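What you see is a predicted model, and the numbers here were worked out from it, not measured in a lab. First listed ligand is number 1; within each ligand, the first listed atom is number 1.
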Amino acid sequence: MTDAVEHRSGFACFVGRPNVGKSTLMNALVGEKVAIMSSRPQTTRRAIRGVLNRDDSQLIIVDTPGLHRPRTLLGERLNDLVRETFAEVDVIGFCLPADEKIGPGDQWIARELAEARAPVVAIVTKVDKVSRDKVGEHLLAVQQLGEWADIVPVSSVKDIQVNVIHDVLVSHLPEGPPLYPAGHVTDEPEDVRIAELIREAALEGVRDELPHSLAVVIEEMVEPGEETSQRDVLEIRAQVFVERDSQKGIVIGRGGARLKDVGSTAREGIQRLLGRKVYLDLHVKVAKDWQRDPKQLGRMGF
Ligand SMILES: Nc1nc2c(ncn2[C@@H]2O[C@H](COP(=O)(O)OP(=O)(O)OP(=O)(O)O)[C@@H](O)[C@H]2O)c(=O)[nH]1
Ligand SMILES: [Mg+2]
């Protein structure tokens, strides 16, 4: 009896430069939005776990922040978090987008990964954005970049080969029983998921260094009761932090228009997550240079 494997379980993580589609792939695999996504780099700031349950396996995916040359203390801490994560997993998925040439950032990550204990699967993301020929060329270039256990092209948005990624990652897991109860999709706390949905809404449409300067902290969640006028509506108060006064104005917008849009987009996402009505109260505050300040970073959970 050679292939009588009953059940496999273990951890995979996705690494790659910022904005290559790691979180989108994780959400496509999990089938639920567990990580926020945006067209801005450095969207993910935490190691987020998504759990994929199947009869033959339980695959736990850890989505990590994009690896990049750090410019701030936050940047350094994010890179450390990624390295700690890839030292602990059973298999690593290295994401490289099909629509961008392999560059120094990818080569730097490939060198880091050469030291990893776990097998590395090279994942060519966003194949829907380029022609078949280009995908072929890119696969060859990726092959020459390092030693990979497998190379798999994928499109999370068009659902091309997402199930193949699932199979390939599972094939690298050790045999073992499930590690999380069935039905469990993430171990992110609810308030963190809510804060992330607000940050996701605030990220779209802002430019330059502002995406990096945004942070969201949930102050309070008040159940409907005597003191609230709204029935059955959960009231959520959150602070949106920026680093400078000038950024505050941008986030709020003319006459508060932008903040209002951010609030209604975030509210929709939160209502979908919680399955109930919420009232969202956002306050924009300045926390001077928080990305470089150890004390403030601690307060924001980094
Ligand atoms: N066309 C296309 N776009 C994609 C695909 N996957 C991701 N994207 C887009 O690429 C952008 C970045 O996606 P994310 O999943 O947030 O990227 P990330 O690697 O998690 O980024 P960081 O968390 O900042 O490191 C978003 O605008 C996505 O919609 C894909 O398969 N096809
Ligand atoms: Mg991400």
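For the pair G16 and ligand 1, no heavy-atom separation below 4.0 Å is found. The shell of residues lying under 4.0 angstrom from ligand 1, judged by heavy atoms, excludes T125.
At least one N/O/S atom of S23, from backbone or side chain, sits under 2.8 Å from the Mg ion (ligand 2).
Atom 17 (O) of ligand 1 has its closest protein heavy atom at G21 N, 3.2 Å. V157 CG2, 3.7 Å is the protein heavy atom nearest to atom 3 (N) of ligand 1. Scanning the protein heavy atoms around atom 13 (O) of ligand 1, the nearest turns out to be T24 OG1, 3.4 Å. Among all protein heavy atoms, the one lying closest to atom 21 (O) of ligand 1 is N19 N, 2.9 Å.
No more than 12 heavy atoms of other residues, nucleotides or ligands sit less than 6.0 Å from atom CZ of R292. Crowding of E147 atom CD: a count of heavy atoms from other residues, nucleotides or ligands under 6.0 Å not exceeding 12. Heavy atoms from other residues, nucleotides or ligands lying under 6.0 Å from CZ of R254 number 12 at most.
Taking 4.5 Å as the limit, every side-chain heavy atom of L96 sits out of range of all side-chain heavy atoms of I123. By the 4.5 Å heavy-atom criterion applied to side chains, F94 and W148 are counted as neighbours. Proximity of L73 to Q291: side-chain heavy atoms (C-beta onward) are nowhere separated by under 4.5 Å.
Within ligand 1, counting atoms from 1 as listed, the ones closer than 4.0 Å to a heavy atom of M37 are 16 (O). The ligand atoms of ligand 1 that sit less than 4.0 angstrom from a heavy atom of S39 are 27 (O). In the vicinity of P18, heavy-atom distances shorter than 4.0 Å reach the ligand 1 atoms 25 (O). Every atom of ligand 1 is numbered from 1 in the order shown, and the set under 4.0 Å from a heavy atom of S156 is 31 (O).
A donor and an acceptor atom, one from each side chain of E243 and S213, are located under 3.5 Å apart. Judged by distance alone, the side chains of Y180 and R49 do bring a donor and an acceptor atom under 3.5 Å apart. Between H138 and D99, the side chains place no donor N or O within less than 3.5 Å of an acceptor N or O (distance only, hydrogens not considered). Residues E200 and T43 bring no donor and acceptor atom of their side chains to less than 3.5 Å of each other.
Here's the thing with V20: one of its N/O atoms is less than 3.5 angstrom from an N/O atom of ligand 1. Looking at ligand 1, you'll find an N or O of S23 within less than 3.5 Å of one of its N or O atoms.
Of the heavy atoms in S38, only backbone atoms (N, CA, C, O) come closer than 4.0 Å to ligand 1. Here K129 has side-chain heavy atoms under 4.0 Å from ligand 1, and that is the only part of it that gets that close. Under 4.0 Å from ligand 1, the heavy atoms of D128 that appear belong solely to its side chain.
Across V216 and A238, no two heavy atoms sit closer than the pair CG1-CB, 4.3 Å.
Here the shortest heavy-atom distance to atom 8 (N) of ligand 1, taken over M26, R40, K22, K126, belongs to K126.
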